[in-house]
Amino acid sequence: MNIIKTTAALTAAINQAKEEHKSIGLVPTMGALHEGHLSLVRRARAENDVVVVSVFVNPIQFNNKEDLAKYPRTVEADCELLSQAGADIAFVPTVEEMYPEPVTTVYHFGPIEEVMEGPRRPGHFSGVAVVVRRLFDLAQPTRAYFGEKDFQQIAIIRNLLEQIKYPIELVPCPIVRADDGLALSSRNMRLSKEAREVAPNIYATLLQAVEMSEYEDVESVKLWVMDTLSSFHEVNGLDESLRFEPEYFEIVNDTTLQPIEDWSDAEGVVGCIAVWLDGVRLIDVIRFRPEEEE
Ligand code: PAF
């Protein structure tokens, strides 16, 4: 595997691949890689001639300086994992290399950014779009791979592709979970041992919400999820430090991302949640009315 640190070297490698008419799979990441990322890399490996994985903690998508400072950085281990997973190129630029000039571009996405993460993380999706477009320009991928845990981000990238009209196939990939159900995330490594043990109750609660959706209305299921998680530590006699603080739980149309009021309001329905636990912000997604039942 080739570890590339400069945009010039990446451009040279991509130009050569293009001359040879090779397909290119791009997996954008912020490093601290886990099985979730590696599942994207393996899928890209299976579907493309050349696999490029970027490892770049993108400062302009963090609206919270502390979160940026605390974001785990494990570049050496990441490169080892990428090499084992069959990547051809690990693109590991510095901030100066990615942004030689101050970034002035701002992207707008309309209603899909006005819900869930959007209002709570001002500037986040524009920052994601800026870096993803830069990566698209540099890697010129045939296909780009993103994990469905960041469900709203996928809708944003789909919209970005419509805005910039690049002929790139967006490949959303399923969430990978630990054996106990916790969605894999680079942020999980910041949880204390005790918090890590409690964290799978987010997914357990979402699974119960899907069962409840058979006989309860949308609003009741939403309230139940928020209440169940907020009171979890108390009901289970746990320490205050293991309190779940749900920021939102929205049940939305999986295409427009707008909240639904009735289960029949959309063909595809997902529940998206953001929860604080032990000073770490965790997100997860669950599908209601799973496809096989449709
Ligand atoms: O999902 C992420 O890890 C990031 O938002 C991405 C897409 C790599 C852009 O920095």
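Just so you know, ligand 1 is whichever comes first in the structure, and atom 1 is the first atom listed for that ligand. Residue indices begin at 1 and follow the sequence shown. Bear in mind the structure is a predicted one, so any value in this text is a computation, not a measurement.
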According to the ring pair (Phe, Tyr, Trp, His ring centres under 6.0 Å) rule, which pairs have a member within residues 255-281, sequence neighbours left out?
-> Trp263-Phe288

Side chain to side chain contact (heavy atoms under 4.5 Å, CB included) with Phe146: which of Val132, Thr29, Val27?
-> Val132

Just need the protein heavy atom nearest to atom 3 (O) of ligand 1, so name the residue and atom and give the distance.
-> Met30 CG, 3.7 Å

Would you confirm whether the ring centroid of Tyr71 sits within less than 6.0 angstrom of the ring centroid of Phe62?
-> yes

Distance filter under 4.0 Å to Pro28 heavy atoms, resulting ligand 1 atoms = 8 (C)

Sequence neighbours excluded, every pair satisfying salt bridge (charged side-chain N to carboxylate O under 4.0 Å, His left out) that has a member inside residues 149-172 | Arg143-Glu169

Close-contact set for ligand 1 against Val131 heavy atoms, below 4.0 Å = 9 (C), 10 (O)

Can you sort out which atoms of ligand 1 are near Gln61, meaning under 4.0 Å from one of its heavy atoms?
-> 4 (C), 5 (O), 9 (C), 10 (O)

Go through the side-chain N and O atoms of Glu19 and Asn15 and say whether any donor and acceptor fall under 3.5 Å apart.
-> no

Identity and separation of the nearest protein heavy atom to atom 7 (C) of ligand 1 = Gln153 NE2, 3.5 Å

